[in-house]
Amino acid sequence: MTHVSDPAPNPHATADEVQAAYRDPKLANVLYHDWEAGTYDEKWSISYDERCISYATDVFNAVAGTQGQPYGHAMELGSGTGFFLLNLMQGGVIEKGSVTDLSPGMVEVALRNAKGLGLDVDGRVADAERIPYDDDSFDLVVGHAVLHHIPDVRAAFREVLRVLKPGGRFVFAGEPTKIGDFYARRLGRVTWWLTTNLTKLPALRAWRRPQTELDESSRAAALEAVVDLHTFDPSELERMALGAGAVDVRAVTDEFSAALVGWPIRTFEAAVPQEKLTLRWRLFAYHAWLRLSALDRKLLAKVLPRELFYNVMITGTKPAAPSEL
């Protein structure tokens with residue numbers, strides 16, 4: 001259930017609201033994510049089955065390990081539709097969950113997803129810089145692709161540590177590195193241009209989405225550029241967490257070859273009619289990503305600087321209470 005004082009979703013922003021959002025990153029995040037909430041899982045191929053359960057638990061364990069599992073009560077910061085928290089709960093990492101997001105629409109969808117899965121989850125509309133929970137409330141705070149949306153990341157880290165119980169852990173994953181974002185965005189733009197122009201040819205017209213949908217995607221992409229506020233150097237992210245008072249801080253990166261191939265694939269999928277993306281295609285894309293992720297993890301991570309990889313994950317803990325030291 002949501003809190004009675006939470007605002008309602010606003011999936012149909014007015015032109016004036018959109019214009020104001022270009023000057024207000026938090027408003028942009030609300031409007032963009034309320035707009036995307038209903039189709040977000042489909043857009044990013046998010047599921048709540050073994051595929052994404054394995055992904056979420058593997059990512060979590062890669063940076064935080066398995067010690068301390070299951071965590072009693074966890075909160076997801078910037079939960080979106082609940083992808084990270086709900087799949088970690090299904091994977092046995094977490095027992096009880098709370099979803100929070102600046103977007104009322106995302107909280108609504110996350111809670112609907114949780115109910116459908118039969119999971120013990122409540123939710124709040126929340127600003128990451130002023131989390132509406134008491135001190136020492138959670139055993140674990142998680143987030144996936146959220147830190148780069150927050151204007152003051154240092155303030156968010158301080159808030160995360162405040163609401164964690166002494167000795168509690170945080171895990172944030174799916175954040176773009178500076179170098180990874182540089183090549184991923186350029187690959188995405190080139191793929192979008194090629195796909196939307198080649199599908200103008202008569203022989204490929206059946207692969208072209210209606211122009212109104214392409215225009216809407218372009219407007220969404222323009223607003224997306226406003227809500228994506230940061231990219232991170234792994235060492236810089238570690239210093240932010242340490243500066244907020246965390247201990248045992250560690251950043252890990254992943255996805256190099258997987259990102260080089262994955263971003264063009266995802267952009268192509270967004271640019272063509274969904275009915276063209278057959279099960280055979282989706283299995284090909286998924287298994288290609290799996291193979292390349294394994295290559296990144298087993299080989300490339302051992303020989304390439306961590307700054308070259310697309311995703312950065314970070315974990316740390318709140319210092320234990322004096323009596324526990």
Side-chain angles (χ1 to χ4, degrees), residues 44-46 50-69 83-84 87-88 91 93 142-148 153 157 169-192 194 228-243 246-269 281-317:
W44 292 104
S45 299
I46 290 172
E50 187 55 41
R51 177 176 66 90
C52 282
I53 294 170
S54 295
Y55 170 81
T57 54
D58 287 350
V59 164
F60 186 96
N61 293 340
V63 66
T66 58
Q67 187 175 359
Q69 298 182 20
F83 156 73
F84 203 35
N87 281 312
L88 289 174
V93 177
V142 299
H144 192 280
V146 60
L147 296 180
H148 68 282
V153 178
F157 270 128
R169 179 175 296 278
F170 63 82
V171 173
F172 291 101
E175 299 300 334
T177 63
K178 291 184 183 296
I179 294 174
D181 183 75
F182 178 83
Y183 59 71
R185 286 191 182 276
R186 280 152 184 79
L187 284 169
R189 282 197 286 265
V190 169
T191 304
W192 180 266
L194 284 172
D228 290 346
L229 301 176
H230 309 288
T231 56
F232 300 102
D233 175 90
S235 297
E236 175 192 23
L237 194 57
E238 287 172 332
R239 288 192 293 271
M240 286 184 184
L242 289 166
V247 296
D248 302 323
V249 173
R250 174 175 179 248
V252 176
T253 56
D254 68 358
E255 289 197 24
F256 179 66
S257 65
L260 292 175
V261 174
W263 270 90
I265 286 176
R266 282 193 292 267
T267 306
F268 169 77
E269 291 176 343
W281 164 266
R282 293 186 185 278
L283 288 173
F284 154 75
Y286 174 54
H287 288 294
W289 179 84
L290 280 180
R291 287 191 292 270
L292 292 172
S293 293
L295 173 67
D296 292 335
R297 184 173 58 254
K298 295 177 181 178
L299 176 62
L300 298 184
K302 298 176 181 177
V303 298
L304 295 177
R306 65 178 183 171
E307 291 79 10
L308 291 181
F309 290 75
Y310 176 73
N311 279 322
V312 59
M313 307 169 280
I314 187 167
T315 189
T317 61

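No hydrogens, no waters, no symmetry mates; every other heavy atom, side chains included, goes into these values.
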Less than 4.5 Å apart, any side-chain heavy atom of [X] and any of [Y]?
X    : Y    : result
L237 : L147 : yes
F268 : W281 : yes
M313 : F60  : no
L300 : F309 : yes

**OP:** Give me the one residue out of E175, H148, M240, E236 that meets side-chain contact (heavy atoms from CB on, under 4.5 Å) with V153.
**Re:**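 It is M240, the one option of E175, H148, M240, E236 that forms the side-chain contact (heavy atoms from CB on, under 4.5 Å) with V153.
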So which atom in [X] and which in [Y] form the shortest heavy-atom distance, rounded to 0.1 Å?
X    : Y    : result
T315 : V63  : CG2-O, 3.4 Å
A251 : E238 : N-OE2, 2.9 Å
A56  : F84  : O-CE1, 3.7 Å
G91  : I53  : CA-CG2, 3.8 Å
Q69  : G65  : NE2-O, 3.3 Å
A258 : D296 : N-OD2, 3.1 Å

Between side-chain atoms of residues 286-294 and protein atoms elsewhere (two or more places apart, or another chain), which donor-acceptor pairs fall under 3.5 Å?
{"residue": "W289", "atom": "NE1", "partner": "E255", "partner atom": "OE2", "Å": "3.4"}
{"residue": "S293", "atom": "OG", "partner": "W289", "partner atom": "O", "Å": "2.9"}

Subject >> Residues which pass side chain to side chain donor-acceptor pair (under 3.5 Å) with R189, listed by chain and number, not counting sequence neighbours >> reply: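 Per chain and number, R189 pairs via side chain to side chain donor-acceptor pair (under 3.5 Å) with no residue.
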**OP:** Kindly determine whether N61 and T66 satisfy side-chain hydrogen bond (donor to acceptor under 3.5 Å, both in side chains), including the steps that lead there.
**Re:** CA-CA 6 Å; N61 293 340; T66 58; 5.8 Å; no
Original post:
With the threshold set at 4.0 Å, does a side-chain nitrogen-carboxylate oxygen contact exist between D228 and R185?
Top reply: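 Yes, charged N to carboxylate O under 4.0 Å.
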**OP:** Show the numbers, then the answer: is there a side chain to side chain contact (heavy atoms under 4.5 Å, CB included) between V142 and L88?
**Re:** CA-CA 10 Å; V142 299; L88 289 174; 4.2 Å; yes
Original post:
For the side chain of T57 and the backbone of S54, is there at least one donor-acceptor N/O pair under 3.5 Å apart?
Top reply: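 Confirmed, T57 side chain pairs with S54 backbone.
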Subject >> Audit row: R306, T177, side-chain hydrogen bond (donor to acceptor under 3.5 Å, both in side chains) steps and yes/no >> reply: CA-CA 9 Å; R306 65 178 183 171; T177 63; over 6 Å; no
**OP:** Could you tell me which residues satisfy salt bridge (Lys or Arg N to Asp or Glu O under 4.0 Å) with R250, sequence neighbours excluded, listed by chain and number?
**Re:**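 With neighbours one apart ignored, the set is empty.
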Subject >> R186 charged N/C atom sitting above F182 aromatic ring, 6.0 Å / 45° >> reply: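 Satisfied, under 6.0 Å and within 45°.
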Original post:
If you measure from CG on N87 to SG on C52, what distance do you get to the nearest 0.5 Å?
Top reply: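 N87 atom CG to C52 atom SG measures 5.5 Å (nearest 0.5 Å).
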**OP:** Check the angle between the aromatic planes of F157 and F170 and answer parallel, tilted or perpendicular using the 30° and 60° thresholds.
**Re:**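 Correct class here is tilted.
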Subject >> Geometric class of the W263/Y310 ring pair [parallel <30°, tilted 30-60°, perpendicular >60°] >> reply: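 Rings of Y310 and W263: perpendicular, as their planes differ by over 60°.
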Subject >> Within the 6.0 Å centroid threshold, strictly below: H144 and F172 >> reply: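 When the ring centroids of H144 and F172 are compared, they turn out to be at least 6.0 Å apart.
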**OP:** Could you please spell out the steps behind the side chain to side chain contact (heavy atoms under 4.5 Å, CB included) verdict for L187 and L260?
**Re:** CA-CA 8 Å; L187 284 169; L260 292 175; 3.9 Å; yes
